[in-house]
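Everything quoted here is computed from the prediction, not taken from an experiment. Throughout, residue positions are numbered sequentially from 1 according to the sequence presented.
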Amino acid sequence: MKKPGKIAIGVGLGVVVGIVSLAFLLLKVMDMHNRLPVSVCLLYPYVAIIDRWPHPPNSLMAVVVAWTLAQMPLYGGLLGRDWLRGRFSWPTLALLAAHLGAALYAVALTLHWIGGSV
């Protein structure tokens with residue numbers, strides 16, 4: 001398969017995963033009685049972190065929303081490119097490390113392992 005095909009497959013899969021997981025996120029956000037569950041913390045850690053803030057600034061919320069919409073297609077595109085090369089690239093590994101760190105922090109906030117709000 002040629003280079004654009006593998007990257008397109010990655011982006012396409014990222015869009016599909018993004019749509020399904022955003023639908024899941026929307027269902028959880030509509031349940032106003034509870035905080036976001038651990039599953040949302042793992043998929044969208046930045047949303048879960050910002051959910052703990054008492055009054056986040058609108059500009060920060062706009063950045064989090066933009067990142068949330070772009071996150072899965074970006075991951076898919078990077079993984080498609082890495083699939084083509086046959087190894088993980090530094091940008092992919094850095095993004096993975098940032099995502100895992102934020103997910104651990106979001107889970108710790110959700111399970112009250114650390115302070116209640118940011």
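In terms of the side chain to side chain contact (heavy atoms under 4.5 Å, CB included) criterion, residue partners of Ala102 (sequence neighbours excluded) are, by chain and number, Pro45, Tyr46, Ile49. Scanning for side chain to side chain contact (heavy atoms under 4.5 Å, CB included) contacts around Leu104 gives an empty result, with sequence neighbours left out. Partners of Leu42 according to the side chain to side chain contact (heavy atoms under 4.5 Å, CB included) rule, which considers only residues two or more places apart in sequence or in another chain, are Val38, Ala103, Val107.
Residues Trp53 and Leu109 are members of one and the same hydrophobic cluster, defined by side-chain heavy-atom contacts under 4.5 angstrom among Ile, Leu, Val, Met, Phe, Trp and Tyr. Residues Trp90 and Trp83 do not share a hydrophobic cluster, defined by chaining ILVMFWY side chains whose heavy atoms lie under 4.5 Å apart.
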Enumerate, atom names and distances included, each donor-acceptor pair closer than 3.5 Å involving a side-chain atom of residues 61-80, sequence neighbours excluded.
{"unit_1": "Thr68", "atom_1": "OG1", "unit_2": "Val64", "atom_2": "O", "d": "2.7"}
{"unit_1": "Gln71", "atom_1": "NE2", "unit_2": "Leu43", "atom_2": "O", "d": "2.9"}
{"unit_1": "Gln71", "atom_1": "NE2", "unit_2": "His99", "atom_2": "ND1", "d": "3.3"}
{"unit_1": "Tyr75", "atom_1": "OH", "unit_2": "His99", "atom_2": "ND1", "d": "2.9"}

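Hydrophobic cluster of Leu100: the remaining members, joined at side-chain heavy-atom separations below 4.5 Å, are Leu96, listed by chain and number.
Taking OH from Tyr105 and CZ from Arg52, the interatomic distance works out to 10.5 Å, rounded to the nearest 0.5 Å.
Using a distance-only test at 3.5 Å, with no hydrogens or angles considered, a donor-acceptor pair links the side chain of Thr110 to the main chain of Ala106.
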